[in-house]
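Data first, discussion second: the structure below is written as structure tokens.
Throughout, protein chains are lettered first and strands after them, A, B, ... in sequence-line order, and every chain is numbered starting at 1. Just so you know, these numbers come straight off a predicted model, no measurement behind them.
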Amino acid sequence: MRFATWNVNSLKVRLPQVLEWLAANPDLTALALQETKMEDAVFPQAEIEAAGFHVAYIGQKTYNGVAIIAREPLADVQYNLPGYDDPQKRVIAATVAGVRFICAYIPNGQALDSEKYPYKLGWLKVMQGYLADELARHPQLILAGDYNIAPEDRDVHDISKWEGGVLVSPAERQAFQDMLSLGLSDAFRAFEQPDKSFSWWDYRGFSFKKNAGLRIDHLLITPALTEKLTASGIDREPRKHERPSDHTPVWASFRD
DNA sequence: ATGGCCAACTATGTTGGA
């Protein structure tokens, strides 16, 4: 089985690319999507099901929005973070192939002096509590998504350009470490990986061509899954596509 | 040079993303 996460930056624009990528990756069990940017009433459920997939989603107009697409039915779908009153649609979870698959679009934070930054840190605290609860129930669990956190300096093309800003601040990195402390591990770093591996590149300034990116999309997995982990990686192909998302898919494979 | 691009909205500029 194989799981992946992809921030598509508008599913309206990217649906053809998502379906194309799913067709090109027939071994993929489930895909977590972020920034679908659409209300549930206009979500392309019929098109996705017509292509042979199951899907669960929750979204809003213009901003945020998450979905899980899977090759088998989704069970026990959870919408939003339980007990946290937040109009922003950032979390959906479901059980697929015996794995609790959580799809999260963690807030960006905008800037350290923005009101969105404490929102991000508070949100991460709530996520931590939710994770602790879920981990007690699900030995096989994946937290997949756009974390908007580059965990280490090697996850940043040029740390001098990002130091002192969001995505790399000590408090955000600590929140990432706190999730690891719950018993999770970064599927990408379980293997030797190429230097300068990133999952996001700014649309501006030929960033992708220059590989001036960040690794901010992650799959954190439980020990029961780490035991079964066979490979992990980042698929840069969709980022080369015409009219791409600024993020590209990140994946992990497991023995059945 | 504190920008550059892209998407969405109901817009012909503004906001948010990262």
Side-chain angles (χ1 to χ4, degrees), chain A residues 5-18 21 32-44 57-67 86-91 103-124 127 144-176 188 196-218 234 236 238-250:
Chain A
T5 182
W6 190 5
N7 180 325
V8 291
N9 183 20
S10 166
L11 187 59
K12 185 181 176 192
V13 174
R14 238 65 70 183
L15 179 63
Q17 295 182 42
V18 170
W21 192 74
L33 300 179
Q34 301 86 37
E35 285 207 89
T36 54
K37 296 186 176 179
M38 51 172 61
E39 289 178 304
D40 295 344
V42 296
F43 191 92
Y57 50 88
I58 183 161
Q60 64 189 92
K61 202 172 175 179
T62 311
Y63 305 114
N64 310 310
V66 284
D86 185 359
Q88 302 190 26
K89 307 305 183 193
R90 296 181 173 277
V91 175
C103 167
Y105 176 44
I106 293 175
N108 171 280
Q110 198 169 55
L112 297 193
D113 59 358
S114 163
E115 61 191 15
K116 292 174 185 170
Y117 183 68
Y119 165 70
K120 178 179 192 172
L121 296 180
W123 195 98
L124 282 161
M127 171 54 86
D146 176 357
Y147 284 60
N148 274 311
I149 300 172
E152 299 176 65
D153 285 355
R154 62 176 166 163
D155 300 313
V156 181
H157 67 97
D158 180 352
I159 191 62
S160 72
K161 288 193 165 63
W162 291 87
E163 210 142 43
V166 286
L167 316 193
V168 303
S169 76
E172 291 164 80
R173 285 179 165 177
Q174 185 58 52
F176 189 86
F188 186 75
K196 300 186 184 303
S197 288
F198 305 125
S199 65
W200 171 87
W201 300 263
D202 200 309
Y203 284 122
R204 296 168 290 189
F206 303 101
S207 296
F208 181 61
K209 196 172 187 160
K210 295 190 288 196
N211 195 30
L214 304 174
R215 193 177 70 92
I216 53 176
D217 301 271
H218 311 291
I234 297 172
R236 296 165 56 98
R239 190 62 177 77
K240 302 173 183 168
H241 199 283
E242 211 168 307
R243 218 178 169 189
S245 169
D246 43 358
H247 297 250
T248 210
V250 178

Would you kindly give the [atom1]-to-[atom2] distance between [X] and [N], to the nearest whole Å?
X: Y117(A); N: dA18(B); atom1: OH; atom2: P; value: 16 Å
X: D202(A); N: dG3(B); atom1: CG; atom2: P; value: 13 Å
X: D158(A); N: dA18(B); atom1: CG; atom2: C1'; value: 15 Å
X: H247(A); N: dC5(B); atom1: NE2; atom2: C1'; value: 13 Å
X: D155(A); N: dA18(B); atom1: CG; atom2: C1'; value: 15 Å

Given the [atom1] atoms of [N] and [M], what is the spacing between them in whole Å?
N: dG17(B); M: dT2(B); atom1: P; result: 22 Å
N: dA18(B); M: dT14(B); atom1: P; result: 22 Å
N: dG4(B); M: dC9(B); atom1: C1'; result: 23 Å
N: dG13(B); M: dA1(B); atom1: C1'; result: 23 Å
N: dT10(B); M: dC5(B); atom1: P; result: 25 Å
N: dA11(B); M: dG16(B); atom1: C1'; result: 15 Å
N: dT12(B); M: dA7(B); atom1: C1'; result: 16 Å

Taking side chain to side chain donor-acceptor pair (under 3.5 Å) as the test, write out the residues that go with [X], two or more places apart.
X: R90(A); answer: N64(A), Q88(A), Y119(A)
X: D40(A); answer: none
X: E163(A); answer: none
X: D113(A); answer: none

With sugar-phosphate taken as primed atoms, P, OP1 and OP2 and all else as base, the protein-contact string of nucleotides 6-16 of chain B at under 4.0 Å (heavy atoms; B, S, -) is SSSSS-----S

Using side chain to side chain contact (heavy atoms under 4.5 Å, CB included) as the criterion, list what pairs up with S197(A), not counting sequence neighbours.
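Scan of S197(A) (side chain to side chain contact (heavy atoms under 4.5 Å, CB included), adjacent residues dropped) gives F188(A), Q193(A), P194(A), I234(A).
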
With K196(A) via salt bridge (charged side-chain N to carboxylate O under 4.0 Å, His left out) - residues at least two apart: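 Here no residue qualifies.
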
### Residues that D246(A) engages under salt bridge (charged side-chain N to carboxylate O under 4.0 Å, His left out), provided they are two or more places apart
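Not a single residue meets the salt bridge (charged side-chain N to carboxylate O under 4.0 Å, His left out) criterion with D246(A).
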
*asked:* Which residues in residues 204-217 of chain A have a heavy atom closer than 4.0 Å to any atom of DNA chain B?
replied: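 Of all residues in residues 204-217 of chain A, the ones placing a heavy atom under 4.0 Å from DNA chain B are R204(A), L214(A), I216(A).
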
* Touch check for N108(A), heavy atoms < 4.0 angstrom, all strands: base, sugar-phosphate only, or nothing? ->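 Answer is base: heavy atoms of N108(A) come under 4.0 Å of a base.
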
message = Considering every strand and a 4.0 Å limit on heavy-atom distances, what is the contact class for Y147(A): base, sugar-phosphate, or nothing?
response = nothing

- Greater than 12 external heavy atoms within 6.0 Å of K209(A)'s NZ: no

Only residue of N9(A), V13(A), T62(A) satisfying side-chain contact (heavy atoms from CB on, under 4.5 Å) with K37(A) is N9(A)

